[in-house]
Structure formats: C-alpha cells, structure tokens
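My structure is below; once you've seen it, I'll send some questions.
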Amino acid sequence: MNQDYILPDNWSIIEEGFDAERVESSESLFSIGNGAMGQRANFEESYSGHTFQGSYIAGVYYPDKTKVGWWKNGYPEYFAKVLNAPNWIGIDIEINGESLDLAKCEVKNFRRELNMQEGWYNRSFEATLQNGTEVSVNVTRFLSLEADELGVINYEVKPLNRAAQITFKPYVDAGVKNMDANWEEKFWEPLDVQHSGSEAFVTARTFKTHFNACTFMHNSILLNGNDVEILPANAEAGDDKVQFSYIIEANQNDTAAIVKFGGYTVSMNHDKDNLVAAAKKVIADAKARGYDTLLDEQKAAWASIWEMADITIEGDVEAQQGIRFNIFQLNQTYLGKDPRLNIGPKGFTGEKYGGSTYWDTEAYCIPFYMATKDQQVARNLLTYRYNQLGKAIENAAKLGFTNGAALYPMVTMNGEECHNEWEITFEEIHRNGAIAFAIYNYYRFTGDYSYIPEKGLEVLIGIARFWQQRATFSANRNKFVILGVTGPNEYENNVNNNFYTNYIAKWCIDYAVEQIARVSEEYPADHDRIMEKVNLDAAEILRWKNVADNMYFPYSEEFGVYLQQDNFLDKELVKVAELDPAQRPINQKWSWDRILRSPYIKQADVLQGFYFFEDHFTKEQLEKHFDFYEPLTVHESSLSPCVHSIQAAVLGRMEQAYTFYLRTSRLDLDDYNKEVKEGLHITSMAGTWMSIVEGFGGMRVKNDMLHFEPRIPAQWEGYSFKINFRNQVLKVSVHAGETNFTLEGDHELTVVVNGKEVTVEPNTLVTV
C-alpha cells in the first residue's frame, strides 16, 4: 500500500481535503466512462498545477511511428496510441474578474465522490480567491449510459461573503496533445468550427487513421434553480476551439449554475459529412429530457447493471469498496454493445499501453462478461478476434511463417501487431494460447458450440499451424522445443522452453485436432467448407500431433517442479521476503539487466498454466509449485495477485488468499505499484471478480455442471454473487457453515457443492 486517502465506503469512492500532490492520482481513480467514451477526472475550470488531461473515444486511435535505436526485420512500424480526444468538459470560471484556479486559491472543505451505485461524479469545495471573494462550488458530471454520445455537467457557484459577477466560459477544444507521443506531434487536424446561440461544434480528423469526430456543447444558465434566458456575451472561435462567455450577477448566497451538455459524434457511427447534424440531434434529445431526467435515467441504467453484476461482502468495507470499484470500472469501459470494440488495459483512464487489445481480454475479462451479462457479449469478444484472423496470419507471415499460420498480436487496434518492444512483439507468443483457451472457455461455460464450426475452428487451425512451425526438433533431447521466448513473466526474456508456453502450445494443437474431429462428425458441411478454405489435410494434422505428443517440458527432479525455463535453476534463488523494501518495486529501482538476471517473477507464469489447466494437475502438485514460485514473485503485474489468490484459496490458505484479494481489488485505490496516476488497471479488475467467484466461491464448470467449493475469509461475515449460467441466473450467498442458492430461471438446475449434487428449483431457497 502506497496511499490511503480514499475513505472506506460501500458504494462510493470518496476523497476529502485538497492536496495538489494527489491530483493526478485522483484524476485516475475518479475517471468516468460509458463504454463509448470516457475521461479522467480533470477539473472543468482551469488548473495551473500538475495535471494529466485525458478524454478518450472508444475505437479511435493513431499509429504513432515506432521510435527505436536499432530496427529489426519484422518490427512493427507503429505503436497504436489511444488518443487524447478533443476536450468538451472545459468551463473556465471568473469571479469578480479573477480566474478560479485551485492552485492559486485557499481551498477548504474539498470533497470528491464517485458514486458507483448511481454512476455520477461530484466535486465540491470552498475557495477564497486572491481578490477576497469566497465561493462555494459544487459540480456533478456523468456520461450517459442511455445516450452514450452524451455527457452532462452541472456546475454551481455560490458567492459566500459578497455579491459576485460570475463569468462562465465553457469551451470545446480540439487543440489537444497526448502526454505519450513518440515524436511530440499533434494527432488531430481541425476541419470545421461552427457555433450558433448556445451551441458549438468543432469537427476534427485524426491524422493517418482519418477518424472524424464532432465535439459539441450546449449550455444553459440557471440562477437559484431557474433558467436564465441569456445568450453568450462573447464567442471566441479559432481554428480548433470555440469558447463562450456568460456573465451573471449573483447576490451573496445565490447559486449560479451552468448545465453543459457535451460529447462526441464519430465517423465510426455516422456518415462523416453528417456529424454536426447528429450532434444537434443528441443535444435536442438531451434538452427534451432535461438534466433531472437524464440523471434519473443514469441511476436506473446503473441499477440494472448492479442487479446482475454486484458482489456483496458483509463485515469488510474496504473489501466491499474494492470489488465494486473493479466491477464499476469494467462496466464503464466495456458494455458489449459494439463488437468492433475491446477492453484496453487502461480503459478510458490513461494513455499507457496504447489503450489497445491485449491477451488480458481472453485470459481475464471474458469469464467476467460471460457470467455477468448475456453470453452474446462474450461471443462478441471472440468474434472480434475471428474478424482479425487475416491480420494474425499476416503478422505471422512477416516473421517467416507460412501456410496460414496465425500469430495474434500482443497489442492491437485492428488486428495488426503494434507493440514496440522486441522482446514482447517477437517472443511473448504465449498470447496465441489465450485466444484458443477463450474459445474453449466460452463453450465450457455457455454450452454454445455453434461458435466453433461457424468461426472458432478457423482460428484454432491458424494457431495450431503457428505452434507446429514455431517448435524445433531437438536431436539432443529427442523432443520438440520452443526457443527464444518470453513467458507471462516479462522479467525473463529470450529464454528457451518456458513451461507455460510449451504447455499451452501442446494444448492448443490437441484441442484443435479434437475440434476438427467433432466438427467433421456433427457439422460435416462446415467441416468441408473450412477444410477447403484453409487447405488442411490429414498429413498436416499428423505433423501437428507429432509436435504435441513429443513436446519437451523442463523439470527439476531435485525440487519436483516444472521449471519456468531451461536455465531457471542457474539463478540465485533469493526469496522476495529477503529483498530490501526500499528496492521495491524493482521495475522502478533496478536496471533491466539486473532484473533479467534475477529470479524474480513479475506475475504468475508456471502458475498461470496451473490456473488454466487446473484439472491436469493434482492439488499436491499445485501446492509444491505454489510453494516454489510464489516466494519468488514480486507481483509487479496487475494480473498476478488474482491468480495467486485463487490458488491460495484452493490450497485452503485463506489468510494468504485474502491478502492477495485485497491487493488485486485495491491495487489502484491503494496504489500498490506506485503508478496509479498513469491510469487504472482495467483488465486485471476482472481477475478481482474471479478471485471471489472462483477463489472463495470455488466455482468451476465441469462436465456441463457448475461446481462450488465455498470458502470464506475470517474477516468476512458473508458474501454473495450471481452467475448467468446458460441463460439462468444463480445467486450464491456464502456464510460461515452454510451456502444458500436461489435460481432465476424456468427450470431446475443441478449444481455440485463440495462434491455432492444439489438441485435448485426456480425461486426456491436451497441451503447447503
């Protein structure tokens, strides 16, 4: 834990007291989004202190040219940047002629609240300006879930010690830059600026990718809650910005307010020549509803999400706050409405990692979306990868692979690899396995096999072809080996025979062969279509099987464990507990050379394999591997604590499981890795959900049935969650000594609890 200023609360993230050193961290923590756009919690008014400005539009990106000192063949030409989008939230404020700027005021009673239950962000404070005027400010902002091109701000100012002339100066501005830009260039080209009455529209286009976006605003002025018919006293329009000025005289204790509607219409969703017209329609619809109705609709939309997705924890407010923060941010980032979109590691909260799609989606996020939403949402995520299969084949071809071998990218926006670190781009090929595993996991959970003959089998074939070609036959070992890779532990690069990579490669081939046989038997027309399309024959499949059946796995007889890679035991195995805490996190304190030579593990690697393929190993094997690898793990990846929490729970080590749960659920709230100001760890938040449902709840799907082995941390009085399993919603409530099940559905469901079958009838409480 590196910060603890967020107040414990079951449903809200709350900060009290203004501290300039916390501004950038809070901008991340209080971020808001609606699946189509999002923004950091930047102040609406001007702020001259340190700030990380960020607004983002889903799917809009820029191919920033890769900047390296030594170019290598096959290197991606660009790194996809999530773009800082034009700013629509800005409202400069002048009080009796002086700019309101919290860096230059005396600030009292500062408070922020992100209400996760209802989906709104509020900030309030009292400020004494240098001219002696004291004001109270209260600002509420939300991004509409119902009208996802619309954002709403209600900004109220009350003079406290004297009458005041208040000038609201709202603007839209396309003259923005990314904090993260290789060549310092701007990414937006202004095209058109329009304004009329209290409405303004700035249309801009991204360079290279040519996404067009109209950034719009509409403003209403109120005094003591009543509309004031007032037009802007001044309108300043430049090439990429429009700013209005509204002047209002307020007596002491009057409340002057501006209600600002803003947002984006984008060429992804509208004809690029009709963006202003589309924006005008969004404004008209918002005006017809009004602020209060829009806020009520927001509350209702979030209530609907929470009805299915909520996890309750009794007796532990910080744990409760943590899981709800994670679920809230996941839903702010991705709602499954648009199959063209995916889940970036930072979502709408920052620029790091490019905002692109990683293997995190398949490994961590799909289980959450399968269980808390309609299965079509998860199917959309799988279809996203199917639609990019051609690009995956191109990616492999650039590296010399042939015959339709597919290498899915480590980082992508459109299917093309765009990661800019060679040891990741070329070597972290295990990501291919996560794509195949997600197909298996989807079928296992939903029972919907149709995806495989329709789309998934082609993906599995491309991946199997890659693994068969990537493996090398070692005459020395008389086995197939996979050389020069980086496993999930990115603190080792260019190693040979990473256990996890070799294991999932074998599994991918075996699974592809199994599905080819099943589709041939059950869907012969699809089988024939696919075999002809990909030009696959029995002789090639035999070559795959030869690789899978003869794959090499490094193993230590001395320790009785699979080795993370061939030379892992050459390292000095000093445990993390023996490290000087001042040296942590090592990725911020050590040279990369020192990290690579160390035994320290960034995240679950061998144990990632034990998590995915739990039923391939005994509990005794898991325990031995956990005891060997976890003490060497620094957990400096956000994806690490959740896997270890689940496995600690399986082993009955509940205190350790709880500690890992707190770390994963409060990773950002408590800033464990000293980096929250850069943005939140969105994709790992799905792992937090898994640590409760799969870890403490012990949920698994085996033989088409839900299995549970419920456990409860000593710190909790109880917890509950819901699972949408094959179109029936099962609620599970766990307390010490008993577990309750209720079913929302139309037919009975048999589950297995601690090895015994239990039948749950609809709308009937069953206690075990």
Side-chain angles (χ1 to χ4, degrees), residues 363 367 430 433-434 436-437 440-441 444 477 479-482 485 487-489 492 495-511 548-569 571 573 575-576 599-633 635 639-657 659-660 687 690-691 694-703 707-709 711 752 754-755:
H430 68 79
F437 186 83
Y440 158 77
N441 207 16
R444 175 174 63 174
R477 300 187 187 278
K479 292 282 186 180
F480 283 93
V481 297
I482 300 180
V485 301
N489 172 33
E492 287 189 322
V495 299
N496 294 334
N497 296 309
N498 169 257
F499 168 78
Y500 173 75
T501 302
N502 287 23
Y503 200 89
I504 206 164
K506 169 183 167 54
W507 177 85
C508 286
I509 292 174
D510 287 339
Y511 187 63
D549 292 345
N550 294 283
M551 185 67 74
Y552 166 72
F553 305 109
Y555 186 81
S556 168
E557 296 290 347
E558 177 186 357
F559 292 100
V561 297
Y562 289 104
L563 295 178
Q564 190 165 277
Q565 46 93 3
D566 277 345
N567 297 316
F568 190 76
L569 292 183
K571 301 190 176 198
L573 302 182
K575 295 180 179 180
V576 174
Y600 301 121
I601 301 169
K602 183 182 180 186
Q603 67 190 81
D605 192 304
V606 172
L607 293 176
Q608 183 73 35
F610 273 69
Y611 167 67
F612 271 173
F613 305 109
E614 182 182 60
D615 56 343
H616 295 192
F617 305 99
T618 66
K619 187 176 290 189
E620 290 73 23
Q621 285 177 300
L622 171 62
E623 185 170 36
K624 184 169 286 190
H625 285 78
F626 190 91
D627 287 344
F628 184 80
Y629 285 109
E630 194 285 321
L632 299 170
T633 305
H635 303 291
L639 301 172
S640 190
C642 59
V643 172
H644 288 84
S645 178
I646 293 167
Q647 292 174 333
V650 169
L651 296 173
R653 302 176 184 183
M654 293 303 293
E655 191 61 33
Q656 195 173 19
T659 298
F660 281 129
M690 293 191 303
S691 67
E694 297 181 8
F696 301 143
M699 189 203 81
R700 304 290 189 273
V701 180
K702 302 177 183 179
N703 301 318
H707 288 236
F708 297 92
E709 292 185 14
R711 314 164 183 92
V752 179
N754 296 324

Practice task
For F568, check ring pair (Phe, Tyr, Trp, His ring centres under 6.0 Å) against everything at least two apart and list the hits.
Solution key: Y629
Practice task
List for me each residue that meets ring pair (Phe, Tyr, Trp, His ring centres under 6.0 Å) alongside F708, sequence neighbours excluded, and say none if there are none.
Solution key: F741
Exercise for the section: Please tell me if the side chains of L622 and L651 come closer than 4.5 Å, counting only heavy atoms from C-beta onward. Expected result: yes
Problem - K479: side chain to side chain donor-acceptor pair (under 3.5 Å) partners, not counting sequence neighbours - result: none
Problem - Residues in side chain to side chain contact (heavy atoms under 4.5 Å, CB included) contact with D510, at least two apart in sequence or another chain - result: K506, K545, A548, D549
Problem - Pairwise side-chain contact, L569 with F559, heavy-atom cut-off 4.5 Å (strictly under) - result: yes
Problem - Test side chain to side chain donor-acceptor pair (under 3.5 Å) applied to K571 - qualifying residues, sequence neighbours left out - result: E492
Fill in the blank from the handout: Minimal heavy-atom distance between M551 and A505, with the atoms involved, is CE-CB, 4.2 Å
Handout entry: Residues in side chain to side chain donor-acceptor pair (under 3.5 Å) contact with Q603, at least two apart in sequence or another chain
Key = S637
Practice task
Under the side chain to side chain contact (heavy atoms under 4.5 Å, CB included) rule, collect the residues that match up with N441, sequence neighbours excluded.
Solution key: P367, M370, F437, R444
Fill in the blank from the handout: The side chain to side chain donor-acceptor pair (under 3.5 Å) partners of H707 (sequence neighbours excluded) come to none
Practice task
Kindly compute the distance separating CZ (R653) from OG1 (T659), expressed to the nearest 0.5 Å.
Solution key: 13.0 Å
Fill in the blank from the handout: The reported gap from CD in Q656 to CD in Q647 (rounded to nearest 0.5 angstrom) is 10.5 Å
Practice task
Would you mind reporting whether N498 and H430 have side-chain heavy atoms less than 4.5 Å apart?
Solution key: no
Exercise for the section: Hey, can you tell me if H644 and F660 have their rings parallel, tilted or perpendicular (30° and 60° cut-offs)? Expected result: tilted
Fill in the blank from the handout: Residue set satisfying ring pair (Phe, Tyr, Trp, His ring centres under 6.0 Å) with F480, at least two apart, ordered chain then number -> F473
Problem - side chain to side chain contact (heavy atoms under 4.5 Å, CB included) involving K624 - partner list, sequence neighbours excluded - result: V561
Handout entry: Under 3.5 Å side-chain donor-acceptor pair for Y552 and D566
Key = yes
Practice task
Return the set of residues passing side chain to side chain contact (heavy atoms under 4.5 Å, CB included) with N567 (not counting sequence neighbours), or none when no residue passes.
Solution key: Q565, D570
Exercise for the section: Evaluate side-chain contact (heavy atoms from CB on, under 4.5 Å) for D615 paired with K702, printing each intermediate quantity in order. Expected result: CA-CA 9 Å; D615 56 343; K702 302 177 183 179; 5.8 Å; no
Handout entry: V481 and N496: CA distance, side-chain angles, deciding distance, side-chain contact (heavy atoms from CB on, under 4.5 Å) verdict
Key = CA-CA 8 Å; V481 297; N496 294 334; over 6 Å; no
Problem - Residues forming a ring pair (Phe, Tyr, Trp, His ring centres under 6.0 Å) with F617, sequence neighbours excluded - result: Y503, F610
Handout entry: Ring centroid separation W507 to Y440 under 6.0 Å
Key = yes
